[in-house]
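The structure under discussion appears below in the form of C-alpha cells.
Please read these numbers as outputs of a predicted model, since none were measured by experiment. In what follows, chains are A, B, ... by sequence order, proteins preceding strands, each numbered from 1.
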Amino acid sequence: MNLAQLPVLEQAIFVLAALALLASFALLAQTRLTASIHSFAWQGAVVALLTALVATVGEIHHLYLSALLTLSLKSLLIPWMLHRLVRRLDMEREVETIAHPALVVLAGAGLVVFSYWVALPIERLELASTRNIVAVSLSVVLLGLWMMVARRQVVAQVLGFMSMENGLFLAAVASTRGMPLVVELGVAFDVLVAAVLFGVFFFHISESIESLDVDRLNRLTEDEGGS
Amino acid sequence: MSAASFTPLAVTVFTPLVGALLLAVIPTLGLAGWVNLGLTLLEFAAALLMAADVARHGGIIAHSFHIDAFNVYLVVLTAFVGLTTAIFSRPYMAEVCEQGRITRRRMQLYHSMFQGFQFTMLLALTTDNLGVLWVAVEGATLATVLLVSLYRTPESVEAAWKYFILCGVGIALALFGSVLVYFAAQQVLLDPEQGLSWSVLYSHARELDPAVMRIAFVFLLVGYGTKVGLVPMHFWLPDAHSEGPTPVSAVLSGLLLNVALYAVVRFKMLTDGALAGSASPDTAGHLMMAFGLVSFGIAVLSLQRQRDIKRMFSYSSIEHMGLMTFAFGMGGALATFAALLHMLVHSLTKSAIFVTVGHASHIAGTQSIEHIRGLIRTQPAVGWGLLLGVAAIAGFPPFGIFTSEFLVLSATMQSWPWLTLLLLAGLVIAFAGLFRNLHPMVYGAAPEGQVAVRANMVPVVIHLLMVLWLGLSIPLFLSRWLDEVTRLISGGGLL
C-alpha cells in the first residue's frame, strides 16, 4: 500500500508515531538525567498530539479526554515530579556512563527490526497501515524494556518503564482507536500511583544504599538468601 | 430458571474496597486487627452465598461482571484463604509491632493494603472486562509492593523494587497483548465497546483473526506469566516472599499466583477458539506446557541450594505453578481437572506452610535454615505443623496434593508418556531437597534458650485437615463443581 495516498491527517499520525520512536532512541542514549526527563516529556506530548489527531480523524470524542489526560500526566505531571525528585536528591548534574553506547543503540535498532518481523503475520490488506503502527508501538515498548536493562540508574529505569507505557498507549490509540474509557482511566490511575510509588522508593533506596545505582542492589542473591 | 442474585457478588467484591478505605483511618492497632478479621469473614460469607446461588441458578453476567463455575470457585478459595490469613495475621502482626520492627502508622498501611489486595484479586477474578482485569492485576502489584517493603529494611526495599520493576514490565507486556486482542475483536464485533468483554469475545472466538491472537497470546503468557512466577521471569518471587511479612507471603503464594494463572487460562480459552481452524490449533497449549515444564525443572533444582526457609518454599511455589501451567497447557479433561484440583490444594497447603514458617522464624529469631533447629522439642505444634505441611506439599499419599499430582501424571502418561519420567524425576528431587532441609529443623536438639512463642495454629490445622480430606475423598459436590469447570475449559467432562 502506498502511504502517500492516505489523507494528510493520517499521514501526520504516522509521522508522529515515528517521532515517538525517535524520542525513545533519544531516551536510550541520553546520559544526563535532566535531558532524559525532557526527552520523556516530549514523547508524552507527541503521543498526546497523536491521540488528538486520531480523535479528529475518527471523530471519537472520548479520545480528546484521553489526549488531555496523557498530556497532563505524561508530559507535565510525571516529568515535573521526577524533576523535583532529582533536584531534591541533588543529582541534577549526574552523568551516567553507559558501558557500550554504540552497541546499546545498535541493539535498539535491532529491536525495531524484530518488532516489524513480529508484526509481519498481520497481513489482512485493510490492516496494512495498522501493521506499521503495531510495529512502531511494539518498538517503543521494547526500547523502554531495553532501556531498563541497559541502564543502571534508577531514574533512567523508571523513565524506561514509563516510556513502555507510552508505547502501549500508542498501540491502543493508533491501532484500535482507543480502548473503552473505563479501561483508559484505570490504566492512567495505575500509572499515576506507580509514579508516586517510584518517588517514594527513590528515597528509600538512596537512604539504604546511599546511591541510586541498581548495581548496588545486590543483597538478595541466591546463595546467601537474605540475611 | 431465575437468575442468580447480584447482591452477594457486589458484597464480596466491594467489601474489601470499603475495608481498605476504612482501615486507612483506624489508628488503634487492636481494633484494626479485629475489623480486618470481621471484613474478611463477611467477604467469605458473601462468597459462599454467591457460590450456592450460582450452583443453583447458573452463572451471572451483569454490570460487566462475569461469574461462572471457574471463577466462583477461585473467589471462594480467595475469600477463605484471606479469612484464615487474617486470623493468623492479627496476633502475629501485633507481636511484630511489639518487637518494634514496624511503626503504628505502617500498621495502618498494612491493614489497609491487605484489604486493598483482596479487593484487586476479587475484582480480577470476577470482572468480565479484560481491560479491568489488567487494571486489577496491576493494582494487586502496587498493593503488594507496599506490603513487601513494609519493614523498610534495605533488603525489603530491594525486594520490593525488583518486584515492582519486573512485574511492572511483565504486566506492561500483558497490556500490549490485551490491546492486540481488542484489535482482533474490532475486526469482528460491531460494537467496539464490547471488544474487551470476555463473554462476548468467547462467543465469537472462532471468528477472531488467528495470526493476531497468536501474537497476542505470546505477550499475554509472558506478561501474566511473570506474575505466575514462570521461569525466566521468576526472579522477583523468592525475594518478595522472603522479605515481606509472613501473612503477605501466605497470600502471595496461595492466591496471587492463582489469579495470574486464571488470567492466562481465560486467554487460552479465547486463543484456542481462534486457532481451532488454523494449521496449528494447539500453539497456546504447547507454549504453556513448555513454560510450565521449564519452570518446574528450574525451580526443583534451585530449591536445593536455598538457605533461607521462605525462599525455599517460594521455589516450591514456582515448582507447583509450573506443574499447573503444564497441566492446563496439556488440555484435555483429565489434565484440566487435575490442574484445578492442584490449584485448590496447593493454595491451602502453601498458605498453611507459610503461616507455620512465620512462627518457626519467630521461635528461632531468623529465617536462615541453618539456625532453625529442634522445633518439635521447643514447640511441638509448630514442629509437627511444619513436618505435616511439607509432607503434604511434597506429595505424600494421604494428602490432596498426592491425588492431584497423580492425576497430572496419569494425564501426561496418556498424551505425552515420555514427559512423565521428567515429571517424576522432578518430584523426587524436590522431595529430597525439602526433606534434607526439613529434618534438622524439626528434629534434633533445640539450641539453648530457645523458647516457645504465642502461636495460633488454627488456620494451619483447618487447611491441613481440608487437604487431608481432599486426599482421602473428594466430596461429591466439589467433584461435580470441578467437573463443570473442566467442561467449561476443555470442552469435555470426566464424570
Side-chain angles (χ1 to χ4, degrees), chain A residues 60 118-124 126-127 130 134 137-138 141 144-145 148-149 154 157-158 160-161 164-165 167-169 171-172 175-187 189-191 193-194 197-198 200-201 204-205 207-209 214 216-220 222-227, chain B residues 64 129-132 134-136 138-139 141-142 145-146 149 152-155 157-162 164-165 168-169 171-173 175-176 178-180 182-183 185-187 192-196 209-212 214-215 218 238-239 242-243 302 305-308 310-312 366-369:
Chain A
I60 308 160
V118 169
L120 218 55
I122 305 175
E123 56 196 0
R124 286 193 190 170
E126 76 269 19
L127 304 180
T130 358
V134 169
S137 46
L138 181 59
V141 171
L145 186 63
M148 292 173 77
V149 177
V154 170
Q157 288 200 333
V158 171
F161 179 83
M164 279 180 81
E165 293 278 343
L168 292 170
F169 195 74
S175 68
T176 67
R177 306 289 176 237
M179 310 262 265
L181 194 61
V182 192
V183 179
E184 270 177 22
L185 288 179
V187 173
F189 174 74
D190 278 344
V191 169
V193 175
L197 276 184
F198 274 131
V200 173
F201 268 89
H204 289 305
I205 292 179
E207 254 171 40
S208 63
I209 63 171
V214 279
R216 306 261 306 264
L217 283 177
N218 55 5
R219 281 166 199 263
L220 298 171
E222 285 302 334
D223 296 323
E224 292 175 28
S227 42
Chain B
S64 299
N129 187 313
L130 298 176
V132 176
W134 183 86
V135 171
E138 168 82 1
T141 311
L142 298 175
V145 162
L146 286 171
S149 66
R152 296 285 194 266
T153 56
E155 288 85 10
V157 169
E158 181 183 332
W161 177 260
K162 279 188 193 165
F164 197 7
I165 289 287
V169 169
I171 209 81
L173 295 177
L175 182 59
F176 193 79
S178 307
V179 169
L180 284 177
Y182 184 57
F183 169 65
Q186 289 214 318
Q187 322 300 321
E193 286 293 315
Q194 288 187 325
L196 281 172
D209 184 58
V212 178
R214 195 177 296 137
I215 302 175
V218 174
D239 293 350
S242 65
E243 297 310 320
S302 313
R305 41 177 224 161
Q306 298 307 317
R307 295 190 187 165
D308 180 299
K310 277 174 151 186
R311 284 183 85 85
M312 181 173 84
T366 169
Q367 292 182 21
S368 157
I369 292 176

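Remark: B:Y182 engages no residue in a ring-ring contact (aromatic ring centres under 6.0 Å, His included) (not counting sequence neighbours). B:I369 meets the side-chain contact (heavy atoms from CB on, under 4.5 Å) test with B:I309, B:M312, B:N437, B:M441; sequence neighbours excluded.
Using a 4.5 Å cut-off between heavy atoms, B:S64 makes no contact with chain A at all. At a 4.5 Å heavy-atom cutoff, the contact between B:L142 and chain A is made by backbone and side-chain atoms alike. In this structure, chain A has heavy atoms under 4.5 Å from both the backbone and the side chain of B:A160. Proximity to chain B involves both the backbone and the side chain of A:V118, based on heavy atoms less than 4.5 angstrom apart. The part of B:L146 that comes within reach of chain A is its side chain, from C-beta onward, which places non-hydrogen atoms under 4.5 angstrom from that chain.
Ranked by heavy-atom pairs under 4.5 Å with chain A, the list B:A136, B:A185, B:G131 is led by B:G131.
Shown here for B:F176 and A:A171, the closest heavy-atom pair between the two residues is CE1-CB, 3.8 Å. Contact between A:F161 and B:V169 at its shortest, heavy atoms only, is CE1-N, 3.9 Å.
In this structure, CG on B:L175 lies 7.0 Å from CD on A:E165, to the nearest 0.5 angstrom. With rounding to the nearest 0.5 angstrom, the CD atom of A:Q157 is 12.0 Å from the CZ atom of B:F164.
Looking at heavy atoms from C-beta onward, B:L180 lies in side-chain contact with A:V134 at the 4.5 angstrom threshold. The shortest side-chain heavy-atom distance between B:L173 and A:V141 falls under the 4.5 Å cut-off.
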